[in-house]
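Structure first, then comments.
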Amino acid sequence: MNTYKTYAERGKNHPNACARSLFELMERKKSNLSVAVDVTSKRELLSIADAVGPYICLLKTHIDIVEDFDMDLVQQLQELSKKHDFLIFEDRKFADIGNTVKHQYANGVYKIASWSHITNAHTVPGDGIIKGLAEVGLPLGRGLLLLAEMSSKGSLAKGNYTTESVEMARHHKDFVIGFIAQHKMNSYDEEDFIVMSPGVGLDVKGDGLGQQYRTPHEVIVGSGGDIIIVGRGIYGNPDQVEEQAKRYRQAGWDAYLERVRLHQH
Ligand code: S5P
């Protein structure tokens with residue numbers, strides 16, 4: 001089984017440049033926290049990104065829910081990413097044939113590939129989706145995550161679907177850096193996929209629309225996830241954004257340190 005190496009060790013050896021810089025950044029900032037900023041105005045998105053910036057490794061966006069989107073928003077996000085040293089992950093969840101997703105990734109209103117370091121895709125169409133996205137993303141040094149499991153109740157991404165998704169990733173290691181999943185997906189020492197786990201909350205267990213929450217400890221120590229993705233737990237109360245970001249960052253990092261201790265040899 002792949003041992004639980006430190007992020008620094010994994011960064012040193014990773015074949016993909018995007019994954020390498022993410023691991024290095026995580027170690028440098030001592031953060032395995034990604035904040036999911038699902039808000040609908042440019043002003044809110046920028047203000048939350050600026051507030052949580054110092055505590056996160058990755059800012060996750062749903063750019064298509066922003067009512068007053070423009071390219072200036074993207075430029076300001078890029079500036080914040082430099083100022084606070086985090087990467088940007090547009091959670092686009094591509095799900096179409098290779099030729100279509102290629103355009104959705106490069107063109108249209110959002111031009112996602114031009115500013116988002118990482119994006120993700122469902123595996124339901126087969127690996128043409130990875131090939132299409134790679135045509136655009138690889139030359140730009142981008143990384144792709146595959147959705148191997150979901151956090152929501154009744155998800156069909158399980159069993160064979162999950163296993164086959166991991167197989168798909170193995171055939172595209174140049175571009176696929178890991179998974180959105182609820183558990184560690186690696187089997188072998190020689191492969192290293194990053195696992196990012198959404199559905200993380202310290203105070204509530206669900207949201208009434210199918211979301212299910214686990215604690216950072218359950219995700220990182222119990223299930224081998226690498227990055228916790230936290231949305232409403234952090235930005236839910238506008239007066240506590242920074243405080244909650246600090247709290248989740250600490251909980252995520254403490255869990256990681258515990259995992260490293262448990263697996264020392
Ligand atoms: O399985 C998943 C995959 C994703 S990317 N479950 C999820 O909840 N997500 C995303 O994580 C979702 O789109 C949202 O942006 C975030 C969770 O937000 P929260 O407010 O429930 O923490």
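Nothing fancy with the numbering, it's 1 onward along the sequence. Remember, it's a predicted structure, so these values are computed and weren't measured experimentally. Whatever order the structure lists them in is the order used to number ligands and atoms, beginning at 1.
For P198, every heavy-atom contact with ligand 1 shorter than 4.0 Å involves the side chain, none the backbone. At a heavy-atom cutoff of 4.0 Å, ligand 1 is contacted by both the backbone and the side chain of R232.
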- [ ] Assess whether salt bridge (Lys or Arg N to Asp or Glu O under 4.0 Å) is satisfied between D192 and K5, documenting all intermediate values.
- [x] CA-CA 10 Å; D192 186 3; K5 297 183 183 126; over 6 Å; no
TODO: Begin with the C-alpha distance, continue with both residues' side-chain angles, and end with the deciding distance and a verdict on salt bridge (Lys or Arg N to Asp or Glu O under 4.0 Å) for R247 and D203.
DONE: CA-CA 12 Å; R247 179 180 176 223; D203 305 314; 2.9 Å; yes
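In this pair, W253 and Y256 present their aromatic rings tilted. The plane angle is within the 30 to 60° band.
The shortest heavy-atom contact between S165 and T123 is OG-OG1, 2.9 Å.
Atom 21 (O) of ligand 1 has as its closest protein heavy atom Y213 OH, 2.7 Å. Protein heavy atom in closest approach to atom 13 (O) of ligand 1: H62 NE2, 2.9 Å. Counting protein heavy atoms only, atom 22 (O) of ligand 1 is closest to G231 N, 2.9 Å. The protein heavy atom nearest to atom 8 (O) of ligand 1 is Q211 NE2, 2.8 Å. In this structure, atom 6 (N) of ligand 1 lies nearest to the protein heavy atom S151 OG, 2.7 Å.
Y105 does not carry K111 over the face of its six-membered ring by the limits of under 6.0 Å from the centre and within 45° of the normal.
Only one option out of I118, V176, D91 pairs with L145 in a side-chain contact (heavy atoms from CB on, under 4.5 Å); it is I118.
Within ligand 1, the atoms closer than 4.0 Å to a non-hydrogen atom of I180 are 3 (C), numbered from 1 in the order shown.
Ligand 1 lies within reach of K60, whose nearest heavy atom is under 4.0 Å from it. Residue contacts with ligand 1 do not include M196, since none of its heavy atoms lies under 4.0 Å from the ligand.
Remark: among candidates D38, T61, V35, the nearest residue to atom 14 (C) of ligand 1 is D38, based on non-hydrogen atoms. When the heavy atoms of I65, D91, V200 are ranked by distance to atom 5 (S) of ligand 1, first place goes to D91.
Ion pairing of K82 with E79 is absent here, as no side-chain N (NZ or NE/NH1/NH2) approaches a carboxylate O to less than 4.0 Å.
Checking Q211 against S151 by side-chain atom types alone, a donor-acceptor pair falls below 3.5 Å.
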